[in-house]
2 protein chains.
Amino acid sequence: MAREPGVRREAILASAAALFARKGVAATTVRQIADDVGILSGSLYHHFDSKETMVDEIVSSFLKDLQHRYEQVLAEEIGARQRLHDLIVASLEVVEAHPHATEIYQNDVNFLLQFDRFDYLRNAGRQVQNVWLTVIEAGIAEGTFRADVDPKILYRLMRDAVWLSVRWFKPSADHPISSLAEDCTSLFLDGLTSRPKD
Amino acid sequence: MAREPGVRREAILASAAALFARKGVAATTVRQIADDVGILSGSLYHHFDSKETMVDEIVSSFLKDLQHRYEQVLAEEIGARQRLHDLIVASLEVVEAHPHATEIYQNDVNFLLQFDRFDYLRNAGRQVQNVWLTVIEAGIAEGTFRADVDPKILYRLMRDAVWLSVRWFKPSADHPISSLAEDCTSLFLDGLTSRPKD
DNA sequence: GTCTATAAGCTGATAGAC
DNA sequence: GTCTATCAGCTTATAGAC
């Protein structure tokens, strides 16, 4: 028992992710990661060849999951309103599944993009934008969404509001992500203005 | 001419702010700052006693400006809808006036909060929240804003959407901040849903 | 006000014993 | 798979000449 391969490896990634998220990748040292795991810093290099590799695994598994869920949303043949809602739900589910990776991505993309090995992050960001734009533009085309604001601006405003929730929203039984998803959808679709019920 | 005191000092702060914003505070070295200014790193210490002091001046002047503009918005005796709009405009004007400081604050607050000297950032964040909540709650009380979503959640969603625009919005003659402010206000107040004109 | 020179400590990473 | 021991390089910061 307790002999599965890579258990230690996963523990290291978990410690690293939490530290990277809290203090930033550049400010987190391999010694701090090792301390958190309970080994010496040199021993980390039996499992990973560099600190960058740890970040890479954390962030790329997050992006892989995200792309998978976004594909499912795109495949749905439903109204724009419902599809935007599902896109928000998918995003928040990824936030819940990868809170540290989400925070690392939000805070440190610029830093990571300095290194060649993280060039793929540019494409990932572009793909995410394409999914949102597809949903928004379909909504405009079908007449559900307003056409008087640039879809790209709508995308960026909603994207930042949704993703940055990782910094403050802690899901609980009382307040699950589905509840936040409803609030987001409701605010973005219907606005803050008080309106008589239909 | 060109003998005003502190010209060099300001040039150093400008270089530092740009580098801190682009690569993060922790990942920016005093040598890079000095290189950018065109002097040697040791010479920086004639003007500042530490790297932290540079960050401190950049961020605190940003917050000072922000607090001043927010006070003016709070003092307005107008409808909630207009006041929320003015709050968004005030925020975007501060973004425009202090783009680097805004980005540093957005990306590196967590990192800075590790140091005792940046404890004041906690209060600053709380004050900002109070201003937004005052405006939102006044709107609910007067019946203009919907009461079915927690004001704190509304605040956080709008805050992140507005402030993170520093990462992608570059004001131009064709697209000034007033234009972005209209788009934000319009999205938040009226929503994405297409509606017949009144 | 900038330079030269350098300190003292921390950084990521490696080699080899156990 | 972890430890011991260590390296080379970089970090912030300082002291004193110019």
Side-chain angles (χ1 to χ4, degrees), chain A residues 1-59 104 107-108 111-118, chain B residues 1-59 104 107-108 111-118:
Chain A
M1 50 169 85
R3 186 92 71 72
E4 303 100 296
V7 175
R8 224 332 127 66
R9 218 185 124 85
E10 290 308 312
I12 294 170
L13 282 181
S15 286
L19 285 163
F20 290 154
R22 197 170 73 236
K23 327 197 326 160
V25 171
T28 300
T29 70
V30 293
R31 280 175 175 78
Q32 290 168 331
I33 297 169
D35 280 357
D36 198 64
V37 178
I39 59 178
L40 290 186
S41 64
S43 307
L44 290 176
Y45 291 84
H46 175 74
H47 303 276
F48 300 93
D49 39 20
S50 72
K51 184 173 118 174
E52 282 177 33
T53 301
M54 299 183 208
V55 186
D56 205 337
E57 290 201 22
I58 293 163
V59 171
I104 293 166
N107 297 334
D108 288 336
F111 171 70
L112 296 176
L113 282 174
Q114 291 177 126
F115 307 100
D116 289 343
R117 76 178 294 168
F118 289 105
Chain B
M1 48 168 85
R3 187 92 71 72
E4 304 100 296
V7 174
R8 222 335 125 65
R9 218 184 124 85
E10 291 307 313
I12 293 169
L13 282 181
S15 287
L19 286 163
F20 290 154
R22 198 171 72 237
K23 326 199 324 159
V25 171
T28 300
T29 70
V30 293
R31 272 184 245 277
Q32 289 169 331
I33 298 168
D35 279 359
D36 198 66
V37 177
I39 59 178
L40 291 186
S41 64
S43 306
L44 290 176
Y45 292 84
H46 175 75
H47 303 276
F48 300 94
D49 39 20
S50 72
K51 185 173 115 173
E52 283 177 33
T53 302
M54 297 183 210
V55 185
D56 205 337
E57 289 201 22
I58 293 163
V59 171
I104 294 165
N107 297 334
D108 289 334
F111 171 71
L112 296 175
L113 283 173
Q114 291 177 126
F115 308 99
D116 289 343
R117 75 178 293 168
F118 289 105

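Chain letters run A, B, ... following the sequence lines, proteins first and then strands; every chain starts at 1.
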Tell me whether the side-chain N/O atoms of [X] come closer than 4.0 Å to OP1 or OP2 in [N].
X	N	result
B:Arg31	D:dC10	no
B:His47	C:dT2	yes
A:His46	D:dT2	no
B:Tyr45	D:dA13	yes
B:Ser43	C:dG1	no

For atom [atom1] of [X] and atom [atom2] of [N], their distance in whole Å:
X	N	atom1	atom2	value
B:Ile33	C:dT2	CD1	C1'	17 Å
A:Lys23	C:dC10	NZ	C1'	13 Å
B:Ile12	D:dT12	CD1	P	15 Å
B:Lys51	D:dT11	NZ	C1'	9 Å
A:Glu10	D:dG1	CD	C1'	16 Å
A:Leu40	C:dA15	CG	C1'	15 Å
B:Leu44	D:dA15	CG	C1'	16 Å
A:Asp49	D:dG1	CG	P	15 Å

Taking atom [atom1] of [X] and atom [atom2] of [Y], what is their separation to the nearest 0.5 Å?
X	Y	atom1	atom2	answer
A:Phe111	A:Ile104	CZ	CD1	12.0 Å
B:Leu44	B:Ser50	CG	OG	11.0 Å
B:Gln32	B:Leu19	CD	CG	6.5 Å

Side-chain donor-acceptor pair present, A:Thr28, A:Arg22, cut-off under 3.5 Å: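 The criterion, which ignores hydrogens and geometry beyond distance, is not satisfied for A:Arg22 and A:Thr28.
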Which nucleotide in C:dT11, D:dG1, D:dC3 has an atom nearest any side-chain atom of A:Arg8: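 The answer is D:dG1, which lies nearest to the side chain.
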Touch class at under 4.0 angstrom, heavy-atom based, for B:Thr53 against every strand present: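 Here B:Thr53 touches no strand at all.
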Sugar-phosphate, base or nothing in reach of A:Ile39, heavy atoms under 4.0 Å: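 Sugar-phosphate, backbone atoms only, no base.
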Which atom of B:Phe48 lies closest to which atom of B:Glu57, heavy atoms considered: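 Looking at all heavy atoms of both residues, the shortest contact is CE2-OE2, 3.9 Å.
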